Protein chains: 2
Amino acid sequence: MGLTKTEHFTDKQNAIATMAKALGHPARIAIFEYLLKVDTCICGDIVNELPLAQPTISQHLKELKSAGLIKGNIEGTSICYCIDEKGLEKLQGYFTTISLKLNKKNNKCC
Amino acid sequence: MGLTKTEHFTDKQNAIATMAKALGHPARIAIFEYLLKVDTCICGDIVNELPLAQPTISQHLKELKSAGLIKGNIEGTSICYCIDEKGLEKLQGYFTTISLKLNKKNNKCC
DNA sequence: TTTATTTATCGTAATATTGCAATATAATAA
DNA sequence: TTATTATATTGCAATATTACGATAAATAAA
């Protein structure tokens, strides 16, 4: 108990859930938006930008990365993180498809 | 510690994170997709459809509802759940906007 | 080599989530 | 009223997440 039953759901359902979960925290939304805002995809300025300790930011970055939403490149001592377009596209595409399907049916019962 | 610092983020960031988190579980993705699939927005067939116990489904429905992603209407003894278009539109709009912004900048550093 | 800088990992405490059995609630049917 | 049916809530155990201090690892600079 207390363990998500991923095996009962499809790979796609699990994949979308994983990405949605990764963005299911305001700090990770803020990190994502910061990466979108800066032109040069600067790295650990995120620590200065957000009101969280460095290990916490590092952990959030790890989760976003493992969900396929950001990428990281080593640049000297620092690491350059930026948005992974493919991951974002998957998520965006999913919600757009769902929205279109919903508009096609008459969702009037509630 | 262990408590999300929502007060440090904007209302919008928290709102998007809340909705993303609600869909950050494969069972809730499956519920959402089921509600999209069925024409009449039938209710507790979800319990028969998914491999989870009734209290568990009820709990997931509650989370989707409190995140503003589904609505529920009492119909006799049963309850009719269906997708809340406004919530879905907010989430879909957010990701579409982010995607468009990303396409405008040259995201080539990583 | 030594020192500084940057990021990751470890360890741990606090809190949250997941799942379900048992039970409660609420509306309908008999 | 007394079932019956459908959904919600409670309580609890297992697991996961969040946050951070301390520390490690890795590269760059002196």
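Bear in mind that the values here come from a model prediction, so they are computed numbers and not experimental data. Convention: sequence-line order gives letters A, B, ...; per-chain numbering from 1.
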Rounding to a whole Å, what distance do you find between [X]:[atom1] and [N]:[atom2]?
X	N	atom1	atom2	result
B:E63	D:dT9	CD	C1'	14 Å
B:L3	C:dT17	CG	C1'	14 Å
A:L61	D:dA19	CG	C1'	14 Å
B:F9	D:dA19	CZ	C1'	11 Å
A:I46	C:dT6	CD1	P	14 Å
A:I79	C:dT5	CD1	C1'	13 Å
A:I74	D:dA28	CD1	P	10 Å
A:E75	D:dA26	CD	P	19 Å

When we call it a touch if two heavy atoms are under 4.0 Å apart, what does [X] touch: a base, just sugar-phosphate, or nothing?
X	result
A:Q59	base
A:S78	sugar-phosphate
B:T56	base
B:K65	nothing
B:L52	sugar-phosphate

Just by modelled atom types, is the B:K71 backbone N or O under 3.5 Å from a matching donor or acceptor in the B:D84 side chain?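 Answer holds: no.
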
Taking atom types as they are modelled, is there a donor-acceptor pair under 3.5 Å from the base of D:dA6 to the side chain of B:Q54?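 Donor-acceptor pair under 3.5 Å: no.
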
Within the 4.5 Å heavy-atom criterion, are B:L61 and B:R28 side-chain neighbours or not? no

B:I46 to B:I31 - nearest heavy-atom pair and separation: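 The pair with the smallest heavy-atom distance is CG2-CG1, 3.8 Å.
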
Among the candidates C:dT18, D:dA19, C:dA27, find the nucleotide nearest to the side-chain atoms of A:H60. D:dA19

Of the nucleotides D:dA22, C:dT28, D:dT18, which one has an atom closest to the side chain of A:H25? D:dT18

Within a radius of less than 6.0 Å around CG of A:N48, do more than 12 heavy atoms belonging to other residues, nucleotides or ligands occur? yes

Salt bridge present between A:K37 and A:E49 (N-O < 4.0 angstrom): yes

